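Not measured: the values here are computed from a predicted model. In each ligand, atom 1 is the first atom listed, and ligand 1 is the first ligand listed.
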Amino acid sequence: MLPRLAERGRTVIEDWRLVEGRPGTDWARRLGFRTVRSLAAMVMTVADVDRTRWPVGVPQGYRVERWADTAPDEVVTSYAAARSAIHDVPMGTTEFVPPEWTVERVRANEAELSGENVEQRVVVAVHEATGEVAGLTEVVLLPREPRTFHQGDTVVLAAHRGRGIGLGLKGVMAHWLVEDHPELRRMHTVTNSDNEHMIRVNRRLGMTVERTELVVAHEIDALTARLTT
Ligand SMILES: CC(C)(COP(=O)(O)OP(=O)(O)OC[C@H]1O[C@@H](n2cnc3c(N)ncnc32)[C@H](O)[C@@H]1OP(=O)(O)O)[C@@H](O)C(=O)NCCC(=O)NCCS
């Protein structure tokens, strides 16, 4: 794999989501991989959670809109702009850079997910005064795991943070998911280990940290030299 990556101009190889404490992590470290990101993998078992902890709305001055699979035309431009705030997510020192979201990218992503039979749900908070999307949360349901929802992006634009929007959006999402999917067992999310605000929101909803996952990286030249000497 390494020569092919080098041919394509890549200089660093990363491995995502190695579980801390398992043999794969030790193996990578022995090969000289360094940790570039640490993630808290959090989980909620729906049957065990007191659902009254889940907020049913967002703060005054905002309204909730939600959809499955396809963003309404009226909101898609503002939704795409808000999704680009995902650049504020703490990412450690990984080489991965989240995309710039545009309407075209949103539509391409929706088409890709529906082509793979992935159900996507989105809840947004619209700022009433401006009509703009101030925050969003997105989840996916993969066909191979019909009882588990995986959290995708959650972002609140910087000017609107700290008002309970993130918590409200996730609460609305959780209620909606269990209403439509009574068979739902688990909700999963991963968050940078130092993303204290997101972790606090997740804990308030009833999620707990299940394990630590690591992103590890190595320079391709140095790894090639190590493996060929
Ligand atoms: C994480 C994020 C979505 C939280 O949204 P939010 O609407 O600001 O969060 P909430 O207001 O619902 O509350 C979260 C908690 O963190 C606190 N908080 C949130 N943002 C804060 C800030 N900028 N400064 C200080 N405290 C903050 C809130 O007071 C609340 O604490 P509490 O438990 O004492 O009530 C938002 O900070 C964000 O978009 N960050 C950048 C993107 C990101 O990291 N996304 C997560 C990817 S996994």
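Regarding atom 31 (O) of ligand 1, its nearest protein heavy-atom neighbour is R200 NH1, 2.9 Å. Here the heavy atom of the protein found nearest to atom 43 (C) of ligand 1 is V89 CG2, 3.4 Å. When only non-hydrogen protein atoms are considered, atom 8 (O) of ligand 1 lies nearest to G162 N, 2.8 Å. Protein heavy atom closest to atom 25 (C) of ligand 1, with residue, atom name and distance, is H197 CE1, 3.5 Å. For atom 38 (C) of ligand 1, the closest non-hydrogen atom on the protein side is R161 NE, 3.3 Å. Looking at atom 11 (O) of ligand 1, its nearest protein heavy atom turns out to be G164 N, 2.6 Å. Among all protein heavy atoms, the one lying closest to atom 14 (C) of ligand 1 is V201 CG2, 3.2 Å. The closest protein non-hydrogen atom to atom 33 (O) of ligand 1 is R204 NH1, 2.8 Å.
Not less than 6.0 angstrom separates the ring centroid of F149 from the ring centroid of W176.
Remark: ligand 1 and D88 share no N or O pair separated by less than 3.5 Å (distance only, no angle test). The shortest N/O to N/O separation between R163 and ligand 1 falls below 3.5 Å. The distance criterion of under 3.5 Å between nitrogen or oxygen atoms is met by V156 with respect to ligand 1. Residue G166 has at least one N or O atom closer than 3.5 Å to an N or O atom of ligand 1. The N/O atoms of V190, backbone and side chain alike, include none that comes under 3.5 Å of an N/O atom in ligand 1.
Screening residues 206-229 for ring-ring contact (aromatic ring centres under 6.0 Å, His included) gives F33-H218 as the qualifying pairs, with residues at least two apart or on separate chains.
Residues A82 and V155 share a closest heavy-atom pair of O-CG2, 3.5 Å. When all heavy atoms of L184 and V46 are compared, the pair lying nearest together is O-CB, 3.9 Å. Heavy atoms only, all atoms of each residue included: L18 and V216 are closest at CD1-CG2, 3.5 Å.
Distance check for atom 2 (C) of ligand 1: every protein heavy atom is found at 4.0 Å or beyond. Under the 4.0 Å distance rule, the nearest protein heavy atom to atom 46 (C) of ligand 1 falls inside the cut-off.
Note: H188 and H150 have parallel aromatic rings, judged against thresholds of 30 and 60 degrees for the angle between ring planes.
To the nearest 0.5 Å, the span separating OG on S193 from CG on L214 amounts to 8.0 Å.
In N195, the part holding a heavy atom less than 4.0 Å from any atom of ligand 1 is the side chain.
The number of heavy atoms from other shown groups lying within 6.0 Å of CD (Q60) does not exceed 12. No more than 12 heavy atoms of other residues, nucleotides or ligands lie within 6.0 Å of CG in D221, so this atom counts as exposed by the packing criterion.
Between the side chains of E95 and T11, no donor-acceptor pair of N or O atoms lies under 3.5 Å. No hydrogens or angles considered: a donor-acceptor pair under 3.5 Å links the side chains of W16 and E14.
Here is the list of ligand 1 atoms found below 4.0 Å of a heavy atom in L167: 12 (O).
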